Amino acid sequence: MTELRYLPDADDVVDFSATVTEVGDDGDYLILDGTYFYPEGGGQPADRGTLSWDGGSAEVVDVYKDHGEVRHDVEGVEGALPDVGDAVEGHVDEERRRAHRRMHTAQHVLSRVVLDEYGAGTAGNQIHADRSRIDFEPADFDDDDLARIERLANEAIAADYPVTKEERPRPQVEAETDEGRSLLHLIPDHVDPLRVVEIEGYDLCPCGGTHVDRLGEIGRIEITDRTSKGADTERIEFVLAEG
Ligand SMILES: [Zn+2]
């Protein structure tokens with residue numbers, strides 16, 4: 001098992017040391033005893049960055065979970081690959097990480113606004129570094145609704161609420177998560193405790209993604225597009241501007 005060291009609240013760590021536990025047969029991936037690289041999942045893409053060791057280095061081009069391990073796909077290997085048991089230094093691409101943190105927390109704010117104001121849940125989301133989208137249902141927004149959603153979300157960001165991330169026992173999380181705010185039933189029962197992302201006094205959602213520490217770090221949300229995805233599903237696309 002690879003330890004997910006960015007959990008529960010080390011979202012800001014981009015430099016770390018770890019030990020190699022497996023080297024891909026074709027030298028195409030490395031598995032470590034622990035990692036701060038975020039593996040793709042939950043609508044959030046993987047981190048990128050570099051791994052280096054005594055006598056070599058490589059670019060990390062993809063990161064994903066594989067039966068409890070986290071594989072770091074590597075390319076551009078310089079020198080000989082490390083052996084199992086060797087120490088490596090990891091560096092996560094800070095710009096990409098920061099973009100994903102801002103985007104993912106912005107998604108939580110928008111999901112909260114839409115749940116509170118329109119009673120619509122979040123059916124899916126896809127974060128990218130430069131643009132993101134959320135599917136809401138049941139929903140049927142007009143232009144005025146979009147302007148209102150954007151304004152209310154930016155008001156919450158301007159209030160600069162702190163964001164805390166911690167593990168809590170699953171029964172507690174089930175009790176404190178608002179109906180429609182999370183697809184909790186899709187998280188396997190054995191996942192306990194659950195990592196919770198709480199925007200203090202504003203929103204709470206079980207989530208394993210990387211997030212900012214205060215809403216002010218998001219900047220400004222701009223909703224750029226809306227499309228209907230079926231009878232009662234609406235897709236909103238958004239970008240972020242620096243605050
Ligand atoms: Zn999330």
Side-chain angles (χ1 to χ4, degrees), residues 4-13 36-47 63-65 70 92 96-116 118 120-137 139 149 152-154 156-157 161-170 172-188 191-219 221 223 233-240:
L4 305 178
R5 294 186 182 157
Y6 56 89
L7 294 176
D9 66 344
D11 315 45
D12 56 339
V13 174
Y36 286 85
F37 281 89
Y38 181 80
E40 180 179 1
Q44 183 180 327
D47 281 324
V63 187
Y64 50 95
K65 288 184 183 172
V70 174
V92 177
R96 181 179 167 91
R97 164 64 69 85
R98 179 168 178 270
H100 289 162
R101 292 175 74 193
R102 293 168 65 219
M103 278 289 192
H104 200 146
T105 311
Q107 179 256 306
H108 282 212
V109 172
L110 287 164
S111 289
R112 168 52 59 183
V113 167
V114 170
L115 181 65
D116 282 354
Y118 299 91
T122 296
N125 63 274
Q126 182 59 55
I127 305 299
H128 297 283
D130 58 345
R131 73 204 137 77
S132 299
R133 60 175 159 80
I134 314 174
D135 292 342
F136 294 106
E137 64 182 33
I149 293 165
L152 291 170
N154 283 318
I157 291 168
Y161 298 122
V163 182
T164 58
K165 310 126 193 177
E166 60 183 21
E167 293 194 323
R168 293 181 190 168
R170 185 173 182 123
Q172 180 188 345
V173 178
E174 288 178 346
E176 65 191 3
T177 303
D178 286 345
E179 182 80 30
R181 182 61 191 88
S182 167
L183 303 173
L184 245 176
H185 61 282
L186 295 183
I187 305 174
V191 183
D192 184 4
L194 287 165
R195 199 270 201 133
V196 170
V197 175
E198 180 166 15
I199 303 171
E200 286 179 25
Y202 188 72
D203 181 62
L204 181 147
C205 186
C207 175
T210 56
H211 288 271
V212 296
D213 294 319
R214 302 194 67 94
L215 287 196
E217 295 172 48
I218 294 172
I221 294 173
I223 295 176
T233 303
E234 293 269 275
R235 172 169 293 178
I236 282 181
E237 298 195 31
F238 65 97
V239 297
L240 299 181

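Fair warning: this is a prediction, and the values are worked out from it, not measured in the lab. If you read the sequence from its start, that first residue is 1, and numbering goes on from there. When a ligand or atom number is given, it counts from 1 through the structure's own listing order.
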N, O or S from His104 under 2.8 Å to the Zn ion (ligand 1): yes
Could you please spell out the steps behind the side chain to side chain contact (heavy atoms under 4.5 Å, CB included) verdict for Arg112 and Tyr202? CA-CA 8 Å; Arg112 168 52 59 183; Tyr202 188 72; 3.5 Å; yes
Could you check whether any side-chain heavy atom of Cys207 comes within less than 4.5 Å of a side-chain heavy atom of His108, counting everything from C-beta outward? yes
His108 atom (N/O/S) at minimal separation from the Zn ion (ligand 1): NE2
Any idea how His104 and His211 line up, ring-wise: parallel (<30°), tilted (30 to 60°), or perpendicular (>60°)? tilted
Indicate yes or no: does Asp213 engage Arg101 in a salt bridge with an N to O separation below 4.0 Å. yes
Look at the N, O or S atoms of Cys207, main chain and side chain alike, and state whether any lies under 2.8 Å from the Zn ion (ligand 1). yes
